[in-house]
Colleague: 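Here it is, the structure, as structure tokens.
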Amino acid sequence: MEHSETQGRPSEARSRLLGTATRLFYAEGIHSVGIDRIVAEAQVTRATLYRHFPGKEDLVLAYLAEAGRAVEALIDDAVAAGAPAADTVRAISRSIAHGIQTSEFRGCAFLNAVAEYPDPAHPVHRAVIEHRQWFLEVMTDLLARIREEPAEPAARHFVMLRDGAMTAGCLHDPELVCETFLRGVNGLLQAHAVDQTGRSA
């Protein structure tokens, strides 16, 4: 029996729908997974799905929001340790590397999604851009704590290193990819902490 939403908590049916969609979208791609399959595997009716998600696009946006919350949790855990900013960046990098080396890894959920929704005006495409802008701002803030200027170029460099590792992790030996990624992050941090005259900032 499906439970209604109470006290602001998602219903069991909604959770099952989102969990099923998240698993299938990430593993197999968004366009290749139809509503009928999601409904069948979540064991709900179509009417239940449309009560919670008026269309597939709404379900995709909820899936990306879940993926975004997972990234936020990863960063929150690293920041909560209270370590110096450089060590926090390293901790975030290690968490990313750990994810790449799991058997369920299928790349970055956001990069995968934007490849399927190339139109910049599409809500899914915009959601990906918004998440990436948020991530860039978080990394810029962390790097600014090491050295105020120029933090954003270093943050963009970090995002590119992460994107490269996420992509290569699906194509090559994940352990080797992660070793390369972590070396790159260490090199970036060392370079960022030193100003153009060679003095530590």
Colleague: Sequence neighbours excluded, which residues qualify as salt bridge (charged side-chain N to carboxylate O under 4.0 Å, His left out) partners of Arg23?
Modeller: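 Result, salt bridge (charged side-chain N to carboxylate O under 4.0 Å, His left out) vs Arg23: Glu41.
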Colleague: Taking distance alone, no hydrogens or angles, what donor-acceptor pairs closer than 3.5 Å link side-chain atoms of residues 114-123 to residues at least two apart or in another chain?
Modeller:
{"from": "Glu116", "atom 1": "OE1", "to": "Ile30", "atom 2": "N", "distance (Å)": "3.4"}
{"from": "Glu116", "atom 1": "OE1", "to": "His31", "atom 2": "N", "distance (Å)": "2.8"}
{"from": "Glu116", "atom 1": "OE2", "to": "Ile30", "atom 2": "N", "distance (Å)": "2.7"}
{"from": "Asp119", "atom 1": "OD1", "to": "Ala121", "atom 2": "N", "distance (Å)": "3.0"}
{"from": "His122", "atom 1": "ND1", "to": "Val124", "atom 2": "N", "distance (Å)": "3.0"}

Colleague: For the side chain of Tyr26 and the backbone of Phe105, is there at least one donor-acceptor N/O pair under 3.5 Å apart?
Modeller: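 Not at all, since once roles are kept as given, no pair shorter than 3.5 Å links the two residues.
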Colleague: Under the side-chain hydrogen bond (donor to acceptor under 3.5 Å, both in side chains) rule, what pairs show up with a residue in residues 91-110, not counting sequence neighbours?
Modeller: none
Colleague: Is it true that Val60 and Tyr50 fall in one hydrophobic cluster, defined by side-chain heavy atoms closer than 4.5 Å?
Modeller: yes
Colleague: Between CG of Leu142 and NE2 of His192, what distance do you get to the nearest 0.5 Å?
Modeller: 10.0 Å
Colleague: Name each donor-acceptor pair under 3.5 Å that joins a side chain in residues 166-178 to protein atoms two or more places apart or in another chain, with its distance.
Modeller:
{"from": "Thr167", "atom 1": "OG1", "to": "Asp163", "atom 2": "O", "distance (Å)": "3.0"}
{"from": "Asp173", "atom 1": "OD1", "to": "Glu175", "atom 2": "N", "distance (Å)": "3.1"}

Colleague: Shortest non-hydrogen contact from Thr48 to Ala13?
Modeller: CG2-CB, 3.7 Å
Colleague: Going by the rule ring pair (Phe, Tyr, Trp, His ring centres under 6.0 Å), which residues pair with His157 if we only count those two or more places apart in sequence or in a different chain?
Modeller: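 For His157, no residue satisfies ring pair (Phe, Tyr, Trp, His ring centres under 6.0 Å) once neighbours in sequence are set aside.
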Colleague: Return the CZ to CG distance between Phe158 and Leu143, rounded to the nearest 0.5 Å.
Modeller: 8.0 Å
Colleague: Can you name the nearest heavy-atom pair linking Arg147 to Ala193, along with the distance?
Modeller: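 Reported closest heavy-atom pair: CD-C, 4.4 Å.
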Colleague: Specify the closest pair of heavy atoms between Ala127 and Leu64, including all atoms of both residues, with the distance to one decimal.
Modeller: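 Ala127 and Leu64 have their closest heavy atoms at CB-CD1, 4.3 Å.
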Colleague: Check the pair Glu152, Arg156 against salt bridge (Lys or Arg N to Asp or Glu O under 4.0 Å), reporting the backbone distance first and the verdict last.
Modeller: CA-CA 6 Å; Glu152 186 173 324; Arg156 290 187 182 280; 2.7 Å; yes
Colleague: Report the residues that fulfil side-chain hydrogen bond (donor to acceptor under 3.5 Å, both in side chains) with Glu137, sequence neighbours left out, ordered by chain and then residue number.
Modeller: Gln133
Colleague: Donor-acceptor pairs under 3.5 angstrom involving side-chain atoms of residues 76-88: please list them, not counting sequence neighbours.
Modeller:
{"from": "Asp87", "atom 1": "OD1", "to": "Arg90", "atom 2": "NH1", "distance (Å)": "3.2"}
{"from": "Thr88", "atom 1": "OG1", "to": "Ala83", "atom 2": "O", "distance (Å)": "3.4"}
{"from": "Thr88", "atom 1": "OG1", "to": "Pro84", "atom 2": "O", "distance (Å)": "3.2"}

Colleague: Which value, rounded to the nearest 0.5 Å, describes the distance between Arg14 atom CZ and Leu49 atom CG?
Modeller: 10.5 Å
Colleague: Just do the side-chain contact (heavy atoms from CB on, under 4.5 Å) check on Arg37 and Thr20 with the steps written out, would you?
Modeller: CA-CA 9 Å; Arg37 185 174 172 198; Thr20 301; over 6 Å; no
Colleague: With sequence neighbours left out, write down each residue that passes side-chain hydrogen bond (donor to acceptor under 3.5 Å, both in side chains) with Arg145, or none if nothing qualifies.
Modeller: Asp141
Colleague: Is there a path from Trp134 to Leu136 through hydrophobic residues (I, L, V, M, F, W, Y) whose side chains come within less than 4.5 Å of each other?
Modeller: yes
Colleague: Using the ring of each side chain (for Trp, its six-membered ring), is Phe135 parallel, tilted or perpendicular to His131, with breaks at 30° and 60°?
Modeller: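 The arrangement is parallel - the two ring planes meet at less than 30°.
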Colleague: For Arg16, is there an ion pair with Glu12 - N to carboxylate O distance below 4.0 angstrom?
Modeller: yes
Colleague: Check side chain to side chain contact (heavy atoms under 4.5 Å, CB included) between Ala21 and all other residues, then give those that pass, not counting sequence neighbours.
Modeller: Phe25, Ile38, Leu59
Colleague: Would you give the length of the straight line joining atom CZ of Arg126 to atom CG of Leu61, rounded to the nearest 0.5 angstrom?
Modeller: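 Going from CZ on Arg126 over to CG on Leu61, the span is 9.0 Å.
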Colleague: So which pairs with a foot in residues 58-67 pass side-chain hydrogen bond (donor to acceptor under 3.5 Å, both in side chains), sequence neighbours left out?
Modeller: Glu66-Arg69
